[in-house]
**Student:** 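What follows is a structure written as structure tokens; I'll ask about it next.
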Amino acid sequence: DVKVTQSSRYLVKRTGEKVFLECVQDMDHENMFWYRQDPGLGLRLIYFSYDVKMKEKGDIPEGYSVSREKKERFSLILESASTNQTSMYLCASSPNPFYQPQHFGDGTRLSIL
Amino acid sequence: KQEVTQIPAALSVPEGENLVLNCSFTDSAIYNLQWFRQDPGKGLTSLLLIQSSQREQTSGRLNASLDKSSGRSTLYIAASQPGDSATYLCAVNGNMLTFGGGTRLMVKP
């Protein structure tokens, strides 16, 4: 089975902090994704990566950056956390998103105080 | 821009009923459509993926259909059980996944 692991289930940070969310997958997938999920807004794509050191903006990249130094690891970075970034963050991976499903981690619930 | 709508937003049924969840989308230029299940406070579990060239996919008590020309998909759950209680999300894959708002299902014993 595909395993997508997010490093923290719950995280509390303060405004202005630099926050790192980590995601690791164990299936050698080329493609990895970061989403946020908010009540009433659903899931929205922040960034994705189709290869090491490659990244593409999704629908809502403002205030975020990403890093993919190794194939199995995709990090989401909040450069200067703000309260409107309080959300559930979900990481996913897929070998080929056009033909095969995306597999999700359990999510990180991030609170910015 | 792709828009995905799921109706109803919430559904409550007695155990044993067969039920249908609906998903509609505005742009038929898609690669595939995926159905997910999400339990409270958890991530998404992939249930079924239908390629754009397919009409349906089945897994156990679940059957998903796709009518790309009319922009519709349905998820059929046979003989529902309390363990099926969760939020069900459909997602349409154009250049990226676009998610519907979900249907919150409760199956009462």
Side-chain angles (χ1 to χ4, degrees), chain A residues 1-11 21 23-25 27 29 31-50 55-61 66 87-111, chain B residues 1-10 21 23-27 29-54 57-59 62 64 66 68 73 75 86-104:
Chain A
D1 274 357
V2 177
K3 184 73 173 175
V4 179
T5 303
Q6 295 184 231
S7 54
S8 304
R9 289 299 313 278
Y10 302 94
L11 207 52
L21 303 183
C23 175
V24 176
Q25 50 95 2
M27 287 301 291
H29 287 172
N31 304 272
M32 297 187 75
F33 308 82
W34 274 107
Y35 297 88
R36 65 177 282 178
Q37 185 176 28
D38 301 287
L41 296 175
L43 275 102
R44 295 175 290 168
L45 181 65
I46 305 171
Y47 267 99
F48 65 101
S49 168
Y50 53 88
K55 61 183 179 183
E56 294 286 343
K57 293 179 180 179
D59 292 327
I60 50 165
V66 289
S87 186
M88 173 72 132
Y89 290 87
L90 292 159
C91 174
S93 73
S94 173
N96 182 334
F98 298 120
Y99 298 105
Q100 292 175 290
Q102 291 189 22
H103 299 272
F104 282 77
D106 280 340
T108 295
R109 187 165 294 281
L110 175 64
S111 296
Chain B
K1 183 181 176 182
Q2 180 76 267
E3 293 182 6
V4 182
T5 304
Q6 291 187 246
I7 295 173
L21 308 181
C23 173
S24 61
F25 49 95
T26 55
D27 187 348
I30 64 171
Y31 291 98
N32 58 59
L33 183 146
Q34 199 167 354
W35 282 94
F36 294 91
R37 168 188 173 134
Q38 185 175 31
D39 294 292
K42 298 276 192 161
L44 278 64
T45 300
S46 178
L47 297 174
L48 290 163
L49 181 145
I50 312 177
Q51 300 294 352
S52 62
S53 58
Q54 296 176 318
Q57 280 286 335
T58 297
S59 176
L62 305 179
L66 174 63
K68 201 174 70 163
S73 176
L75 179 67
T87 296
Y88 290 81
L89 295 157
C90 74
V92 174
N93 196 351
N95 288 324
M96 57 187 71
L97 278 185
T98 302
F99 285 82
T103 294
R104 186 180 303 170

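In what follows, every chain begins at residue 1, and chains take the letters A, B, ... in the order their sequences are listed.
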**Student:** Where on F48(A) is there a heavy atom nearer than 4.5 Å to chain B: the side chain, the backbone, both, or neither?
**Tutor:**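 Side chain of F48(A) only, per the 4.5 Å heavy-atom cut-off to chain B.
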
**Student:** I'd like to check F33(A) versus L97(B) (side-chain heavy atoms, cut-off strictly below 4.5 Å). Are they in contact?
**Tutor:** no

**Student:** So with a 6.0 Å cut-off around CZ of R44(A), is the heavy-atom count from everything else above 12?
**Tutor:**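 Yes, CZ of R44(A) has more than 12 neighbouring heavy atoms, counting only those of other groups under 6.0 Å.
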
**Student:** Chain B: which of G58(A), G107(A), P101(A) shares the most heavy-atom pairs with it under 4.5 Å?
**Tutor:** P101(A)

**Student:** What is the distance from atom CG of L49(B) to atom CD of Q102(A), rounded to the nearest 0.5 Å?
**Tutor:** 10.0 Å

**Student:** So for L90(A), is it side chain, backbone, both, or neither that comes closer than 4.5 Å to the heavy atoms of chain B?
**Tutor:**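 Contact with chain B involves the side chain of L90(A) alone.
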
**Student:** Nearest 0.5 Å, please: how far is NE2 in H103(A) from CG in L44(B)?
**Tutor:** 12.0 Å

**Student:** Taking side chain as everything from C-beta outward and backbone as N, CA, C, O, which of these in R9(A) sits under 4.5 Å from a heavy atom of chain B? Side chain, backbone, both or neither.
**Tutor:** side chain

**Student:** Kindly check if the number of other-residue, nucleotide or ligand heavy atoms within 6.0 Å of CD (Q54(B)) is above 12?
**Tutor:**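 Atom CD in Q54(B) is packed in, count exceeds 12.
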
**Student:** Is the shortest heavy-atom distance from the side chain of Q37(A) to the side chain of Q38(B) under 4.5 Å?
**Tutor:** yes

**Student:** Need one label for L89(B): side chain, backbone, both or neither, based on atoms under 4.5 Å from any heavy atom in chain A.
**Tutor:**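 Just its side chain gets close to chain A.
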
